There are 2 protein chains.
Amino acid sequence: MNVTIRDVAKKSGYSITTVSRALNGFDDVSEETRAKIIAVAKELNYQPNRVARSLVSKTVNTIGLFVLGRSSFQQGFIADLVSGLIDEASTHDFDLLIFGTQSLKTGLPFTQLCRQRGVGGAVITGLKITDPILAELEASDFPTVLIDVPIKGPKATYVSFDNQEGISQAITHLCDLGHRKIGFINGHMEAWVCHERLAGYKKGLAKHGLVFNEAYVYNGDFTKESGRAGAKELIEKNPELTAILVASDLMAAGALEELTALGYTLPDDISLVGFDDQTFAALTSPALTTIKQDEYLLGRLAAENIIKLINDPNYQPEVKSLTTRLVVRQSTGPVKS
Amino acid sequence: MNVTIRDVAKKSGYSITTVSRALNGFDDVSEETRAKIIAVAKELNYQPNRVARSLVSKTVNTIGLFVLGRSSFQQGFIADLVSGLIDEASTHDFDLLIFGTQSLKTGLPFTQLCRQRGVGGAVITGLKITDPILAELEASDFPTVLIDVPIKGPKATYVSFDNQEGISQAITHLCDLGHRKIGFINGHMEAWVCHERLAGYKKGLAKHGLVFNEAYVYNGDFTKESGRAGAKELIEKNPELTAILVASDLMAAGALEELTALGYTLPDDISLVGFDDQTFAALTSPALTTIKQDEYLLGRLAAENIIKLINDPNYQPEVKSLTTRLVVRQSTGPVKS
DNA sequence: GTGAAAGCGCTAACAG
DNA sequence: CTGTTAGCGCTTTCAC
């Protein structure tokens, strides 16, 4: 068995109560006593049992991570996100409990599921903007941080990137290269970021005096195949396009394949910009110019927010989006004169 | 507050104990009573509090996942592994608690760390074969499943792929294409799989009557850069090579870059085989022939093992390796005559 | 300053 | 078959 608080109490000669208070930094304990107790605790290598602790005091040191949608895990960035969450969480002595899609299938009122697991707050990724749970979370007093889905409740907030600005910068990059006919392969509109990216696309065009053309936009679904299909459709219907912006690297990779198969040479015939900067973006040929979002950082930010939300009842989260960064590689080039 | 067992007891008119037993499927409860209690529980939407449960009964429904080494998360396959773990775990009503590298920095006796977190068993990935913790785990009675590191203890086992066979098959593939001079870029020897892959390389060569040549082997470190360096060194020192086998896709991508930069055309001048079949393997140009390992499946297998280890004190794990599958793409071709 | 006692929600003897 | 009694390891009133 592990060493418990009783062992520390016995060995130090103090009561369990005093040991608890000494170790938890209460100020109604003499410094001398505290020092002694801490010494004994260290000697015994005592670590409080978190299960017991969270059972009695409702202050819980566990974050729940919900990864919704079977495909979410396939997306490479989830790994970085988790990595960031863990690093930040363990800095604050928080644990990270992961739930898969199945966990929600129980139909359990979500927050209840968390409380039963001793989870103090949740980080949710992969949520669709049409999900009814969104309204619930907004009203709930259970700490929640959404990834890439806006929300504003007493205890709910979100973290994201400035997608509009990211896309807009990419358009500026293309315009600087002389492009005027720029297509856009977007993801599905159940993802909030896609609304943002579309808005950024329009805004970017407007900024450079270009007119938005509905026919230049294709709605994919984040799969490689939809990237292929999108590229094919866009270029066939609008052969005047000299550049295509794609809302994810994976779709961009599909578009790249399709365009190459159709006989286009990149970037000479057409320029291509992805989104994410996943590992493989540097590995395609030509290497993908893409809008990088640092998912690790986003993970840390999410953890930071949820921990504050859990610890401080008065915390008023302010949403600040992380910035993306355009990584220029070989898939974009000056428009052929 | 959530609904507790007391609420169910009160509402059903039975004692807390009876409710507990009825709900946990004990057979010393009349079916009539059980039915009534279950009905009430359902009506109240009662779910037992796992924190409390694991505090008293030492049977814990949480698996701890340790992802060691900062870089592990960067490796794409971790996401699939986690995905498999979660799916299998939630099927058995187990939760998954993730620990980062930092958690182990406390110097806490590992198993103690788990017990304090209410974790019944651990799955560990990224462990080096030189890690002293290995001996500890081997002797320990704490349920542990290692990923890709062999271990055999009363409560410790491991899951992995048949790396030898995988590499061997790739060599057969190359030999079938006429290759006789095959180089090998391995990972670092702190990873068990690299010993296996080296053994597989030797075995595969022998199988086809080829002689092992020390100079044909380069030890990288799983980074793309080491792949580049390895390709450069191997091909410069041994220009007679017509094929190179690489112990990871990322290193293979590096090798591909380097070889292309050096003016080689693949697969005409030289064939290249990767390992993993990560997403990007299909996206490089030429697309990478590679040895696919299904990390999702490995995750499920690991979860299955750890759960049995936790639940059944008499469970004797038998190690059975998962098979890899050679995915032939465009980076391998017949040797130029 | 410190300790005794109560109890978080649950399971597990032990009686009846 | 069912209920009473004791705790799991910890925090937290409330006395002293």
Side-chain angles (χ1 to χ4, degrees), chain A residues 1-38 40-41 44-62 93 112-120 311, chain B residues 1-38 40-41 44-62 93 112-120 311:
Chain A
M1 212 43 243
N2 264 323
V3 31
T4 76
I5 197 171
R6 300 181 58 142
D7 302 319
V8 180
K10 249 174 214 151
K11 178 128 189 181
S12 67
Y14 289 93
S15 73
I16 291 181
T17 316
T18 305
V19 171
S20 171
R21 278 187 302 221
L23 259 28
N24 287 315
F26 281 57
D27 51 358
D28 58 350
V29 82
S30 82
E31 281 314 315
E32 193 192 331
T33 308
R34 189 194 307 282
K36 274 192 210 158
I37 290 179
I38 287 180
V40 173
L44 261 40
N45 198 7
Y46 166 74
Q47 293 287 126
N49 181 319
R50 294 168 84 112
V51 175
R53 183 198 295 237
S54 75
L55 179 60
V56 41
S57 73
K58 295 309 180 190
T59 61
V60 189
N61 278 327
T62 305
D93 201 29
Q112 196 175 329
L113 194 153
C114 285
R115 281 197 246 263
Q116 274 146 208
R117 303 304 218 268
V119 165
N311 282 342
Chain B
M1 212 43 242
N2 265 323
V3 30
T4 77
I5 198 171
R6 300 181 59 144
D7 301 318
V8 180
K10 250 175 214 152
K11 178 129 191 181
S12 68
Y14 289 93
S15 74
I16 291 182
T17 316
T18 305
V19 171
S20 170
R21 278 184 304 218
L23 260 26
N24 286 315
F26 282 56
D27 50 359
D28 56 352
V29 167
S30 81
E31 281 313 315
E32 194 193 330
T33 308
R34 189 195 306 281
K36 274 191 212 159
I37 290 179
I38 287 180
V40 174
L44 261 40
N45 198 7
Y46 167 74
Q47 293 287 128
N49 181 320
R50 293 167 85 112
V51 176
R53 183 200 296 240
S54 75
L55 179 60
V56 42
S57 74
K58 293 311 180 192
T59 61
V60 190
N61 277 328
T62 305
D93 201 29
Q112 195 175 329
L113 192 152
C114 284
R115 282 197 245 264
Q116 274 147 207
R117 304 302 218 269
V119 165
N311 282 341

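Labels below follow one simple rule: chain letters A, B, ... track the order of the sequence lines, proteins then strands, and each chain is numbered from 1. Computed from a predicted structure; not experimentally measured. These values consider heavy atoms only, across backbone and side chains, with no hydrogens, waters or symmetry-generated copies.
The side chain of A:Thr18 places an N or O atom within less than 4.0 Å of a non-bridging phosphate oxygen (OP1 or OP2) of C:dG3. Under 4.0 angstrom from either OP1 or OP2 of C:dT2 there lies at least one side-chain N or O belonging to A:Ser30.
If you check every strand for non-hydrogen atoms under 4.0 Å, A:Asn49 touches sugar and phosphate atoms only. Residue contacts shown for A:Ser54 are absent, as no nucleic acid heavy atom lies under 4.0 Å away.
With C:dT11, D:dT2, C:dC10 as the choices, the nucleotide that has an atom nearest any side-chain atom of B:Arg21 turns out to be D:dT2. In the set D:dT2, D:dC8, D:dT12, D:dT2 carries the atom at the smallest distance from any side-chain atom of B:Tyr14. Across C:dC10, C:dT11, D:dC10, the shortest atom-to-atom separation from the side chain of B:Thr4 is found for C:dC10.
Residues B:Leu55 and B:Glu31 each lie close to DNA chain D; by heavy-atom proximity, the contact nearer the 5' end of the strand is made by B:Glu31. Residue-to-nucleotide proximity on DNA chain C shows that, of A:Val29 and B:Val56, the 5′-proximal contact is made by A:Val29.
Here C:dT11 presents its C1' atom at 15 Å from CZ of B:Arg50, a figure rounded to the nearest Å.
On a pure distance criterion of 3.5 Å, a polar donor-acceptor pair joins the side chain of A:Thr17 and the base of C:dA4.
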Derivation and outcome, side-chain contact (heavy atoms from CB on, under 4.5 Å), residues B:Thr33 and B:Thr18: CA-CA 9 Å; B:Thr33 308; B:Thr18 305; 4.1 Å; yes
